[in-house]
There are 2 protein chains.
Amino acid sequence: MAGVVRLHEIKRTCASCSLQELCLPLGVNEEDLKRLEQIIQRGRPLDKGRKLYHQGDPFVAIYAIRTGSVKSFTVGEDGNEQVTGFHFPGELIGLDAIANNHHDCTVMALETTNVCEIPYERLDELCETIHGLRHQLMRLLSKEIVNDQKLLLMLGKKTAEERLATMLLSLSARYSLRGYSATEFNLSMSRGDIANYLGLAVETVSRLFARFQQDGLLAVEGRNLKILDFSKLKFMVDGCEPPAKLTENRGPN
Amino acid sequence: MAGVVRLHEIKRTCASCSLQELCLPLGVNEEDLKRLEQIIQRGRPLDKGRKLYHQGDPFVAIYAIRTGSVKSFTVGEDGNEQVTGFHFPGELIGLDAIANNHHDCTVMALETTNVCEIPYERLDELCETIHGLRHQLMRLLSKEIVNDQKLLLMLGKKTAEERLATMLLSLSARYSLRGYSATEFNLSMSRGDIANYLGLAVETVSRLFARFQQDGLLAVEGRNLKILDFSKLKFMVDGCEPPAKLTENRGPN
DNA sequence: CGCAAATTTGAGAGCATTCAACTCCTGTGG
DNA sequence: CCACAGGAGTTGAATGCTCTCAAATTTGCG
């Protein structure tokens with residue numbers, strides 16, 4: 001319906017997409033890629049605050065972020081939110097819906113965001129014959145499990161300080177992978193989202209940013225962030241000890 | 001090598017397995033099931049404390065618990081453990097290894113445990129032609145993501161009390177699904193494992209058990225557990241409010 | 001039976017939360 | 001252009017939940 005003006009941008013193909021290597025096409029040959037492209041739909045941009053899908057929505061498709069960023073969160077029966085993740089270009093979302101045939105979380109745009117919609121049934125059909133695609137999809141599912149488990153480790157054991165440091169380094173690494181600066185970037189999520197995600201109070205996050213800045217680790221100005229001391233941040237994350245070689249004296253096997 | 005005595009037990013088939021409906025075979029027809037069975041290996045039982053695989057081991061197969069139970073845990077660089085889950089008959093483990101081609105956690109038997117070993121490459125081959133199998137595998141992967149995210153919600157926001165209540169109810173439901181009593185069962189994991197899993201100190205868990213018992217919610221005696229008041233436990237888990245209908249006055253979409 | 005590990009119990013300390021007030025930023029309407 | 005409303009973010013003070021340390025007690029197993 002919209003003008004044809006930036007059709008070239010909207011109809012961008014996987015083959016020409018810079019995110020190929022992070023996304024579903026990884027490991028799929030050129031020919032098969034064309035078949036994949038045929039089932040992918042690219043709608044209009046999602047404005048900030050708009051939802052891609054709601055918790056409870058029937059499962060129809062999975063989505064890849066093309067530009068922008070989103071947060072996903074679940075709402076418990078008691079009504080309060082838990083942010084389960086932030087997602088950036090090249091990342092696949094909606095995979096949790098395969099289990100129960102409906103989405104278990106809501107996904108909301110943190111800024112203007114473009115997504116690729118991949119109807120699951122048709123993707124599944126393609127998986128039958130395209131081995132690489134099948135495997136990459138599995139890998140991405142598996143990766144999400146690994147990620148969640150890392151997050152678990154974090155929420156279970158780490159202090160507020162360690163949690164924030166971990167998140168900042170994760171963001172930095174992800175931006176870096178996508179060709180952006182690893183040291184300076186803009187947070188697309190609010191302090192509230194960060195706090196919720198990390199299982200902390202907003203005030204605590206605010207105080208931590210203040211302290212990190214005071215300690216010369218960061219330069220923070222609203223949502224603009226500059227990392228000044230990577231090594232100290234990493235030091236926080238790893239606990240305390242440098243990678244010591246543990247002499248395993250545990251049981252057999 | 002072992003005697004032929006209980007061969008009938010060891011060579012038990014999927015078709016005759018009572019866990020069929022919880023496990024990989026769900027949605028696979030009889031004929032295809034035979035093909036699946038052919039690739040599955042059932043080794044000797046794993047004694048308590050033995051490890052099924054180590055963090056870092058190359059990825060060869062996924063496993064289904066047949067009898068017994070296991071815990072899975074990751075060891076951070078700083079050396080401390082995080083228990084990421086407990087697994088019971090019918091549950092598939094090792095799925096996290098698909099992502100990076102090596103296991104990201106260690107799995108240890110909590111009691112004598114039998115597992116079915118399913119070589120991944122051959123499973124993948126079967127997935128090519130057996131649609132139901134492919135879909136079930138995806139579902140199980142997805143389910144694990146959903147589970148982890150629920151756990152995240154728990155560790156992020158809940159109090160110690162709520163965490164333990166949540167875990168007990170989860171165990172109860174799982175035992176019940178497997179045909180055991182929902183109200184009385186034996187914990188195969190130590191207090192330490194529980195504490196670690198829930199992100200609490202051992203002492204806290206111990207005190208909670210004492211308090212729950214004192215409040216008439218449970219009867220605890222070592223690892224034997226009887227749930228006396230389900231509704232109160234559920235009440236704890238849900239936060240506080242009965243399923244109130246929230247008048248959603250949020251944004252559009 | 002006896003040691004070692006697991007569990008329980010007690011007391012005190014600390015980190016993060018909660019409550020409260022205030023500032024800053026943004027967008028809207030006069 | 002400016003005043004104002006409202007949300008987002010910051011800062012301060014006090015409470016409290018959970019942890020840590022310490023020691024007693026029980027359980028499991030050789």
Side-chain angles (χ1 to χ4, degrees), chain A residues 47-49 71 80-83 108 110-111 154-167 186-215 218-225 236 239-240 249-251, chain B residues 47-49 71 80-83 108-112 154-167 186-215 218-225 236 239-240 249-251:
Chain A
D47 286 332
K48 174 176 176 172
K71 69 167 172 177
N80 57 22
E81 265 177 47
Q82 167 70 37
V83 174
M108 180 187 279
L110 292 170
E111 58 195 309
M154 184 159 94
L155 292 185
K157 300 224 146 12
K158 301 200 177 185
T159 65
E161 194 178 271
E162 292 169 324
R163 294 183 197 191
L164 185 58
T166 304
M167 176 178 173
N186 274 83
L187 300 169
S188 54
M189 69 291 289
S190 70
R191 297 288 194 272
D193 288 333
I194 295 174
N196 189 307
Y197 176 66
L198 297 176
L200 301 171
V202 194
E203 295 92 328
T204 304
V205 171
S206 184
R207 274 183 259 268
L208 282 172
F209 272 124
R211 179 142 54 92
F212 281 5
Q213 173 141 22
Q214 184 178 312
D215 293 351
L218 304 175
V220 198
E221 217 184 296
R223 295 192 174 186
N224 181 261
L225 198 122
M236 283 183 161
C240 7
N249 55 354
R250 309 268 190 79
Chain B
D47 286 332
K48 173 174 176 174
K71 69 168 173 176
N80 56 21
E81 263 179 48
Q82 167 70 37
V83 174
M108 180 187 280
L110 292 171
E111 57 194 311
T112 303
M154 184 158 95
L155 292 184
K157 301 222 141 16
K158 301 200 179 186
T159 65
E161 194 179 270
E162 293 168 324
R163 293 183 199 190
L164 184 59
T166 305
M167 177 179 174
N186 274 81
L187 301 169
S188 54
M189 68 292 288
S190 70
R191 298 288 194 270
D193 287 335
I194 296 175
N196 189 307
Y197 177 66
L198 297 176
L200 301 171
V202 193
E203 295 93 328
T204 304
V205 171
S206 183
R207 275 183 260 267
L208 282 172
F209 271 124
R211 178 141 55 92
F212 281 4
Q213 174 141 18
Q214 183 178 312
D215 292 352
L218 305 175
V220 198
E221 217 184 295
R223 294 193 175 187
N224 180 262
L225 199 123
M236 282 182 161
C240 10
N249 56 355
R250 308 269 190 78

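Reckoned from all heavy atoms, side chains included, excluding hydrogens, waters and symmetry mates.
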In Å and rounded to the nearest 0.5 Å, what is the [atom1] to [atom2] distance from [X] to [Y]?
X        : Y        : atom1 : atom2 : value
B/Met189 : B/Glu111 : CE    : CD    : 9.0 Å
B/Arg163 : B/Thr204 : CZ    : OG1   : 10.0 Å
B/Phe212 : B/Met236 : CZ    : CE    : 4.0 Å

Net bend of the helix from C/dC1-D/dG30 to C/dG30-D/dC1, end axes of five pairs each, nearest 10 degrees:
40°

[N] [atom2] sits how many Å from [X] [atom1], rounded?
X        : N      : atom1 : atom2 : result
A/Leu200 : C/dT17 : CG    : C1'   : 10 Å
A/Phe212 : D/dT10 : CZ    : C1'   : 16 Å
B/Glu221 : D/dT25 : CD    : P     : 19 Å
B/Lys48  : D/dG30 : NZ    : P     : 11 Å
A/Ile194 : C/dA16 : CD1   : P     : 16 Å
A/Asn224 : D/dA8  : CG    : C1'   : 17 Å
A/Arg211 : D/dG12 : CZ    : C1'   : 16 Å
B/Leu208 : D/dC17 : CG    : P     : 12 Å

Would you say A/Arg163 places a side-chain N or O within less than 4.0 Å of OP1 or OP2 belonging to C/dA16?
no

Taking only side-chain N and O atoms of A/Arg223, does any of them lie within less than 4.0 angstrom of OP1 or OP2 on D/dG9?
yes

Check nucleotides 8-10 of chain C for protein N or O atoms closer than 3.5 Å to its own N or O atoms and list the pairs.
residue, atom, partner, partner atom, Å
C/dT8, OP1, B/Arg191, NH2, 3.2
C/dT8, OP2, B/Arg191, NE, 3.1
C/dT8, OP2, B/Ser206, OG, 2.8
C/dT8, O5', B/Ser206, OG, 3.0
C/dG10, N7, B/Arg207, NH1, 2.8
C/dG10, O6, B/Arg207, NH2, 3.4

Any ion pair linking A/Lys157 and A/Glu162 (charged N to carboxylate O, less than 4.0 Å)?
no

Side-chain contact, heavy-atom cut-off 4.5 Å: A/Lys48 with A/Leu110?
no

Okay, side chain of [X], backbone of [Y]: is any donor-acceptor separation there less than 3.5 Å?
X        : Y        : result
B/Arg191 : B/Gly222 : yes
B/Ser206 : B/Val202 : no
A/Asn224 : A/Asn186 : no
B/Asp193 : B/Lys71  : no

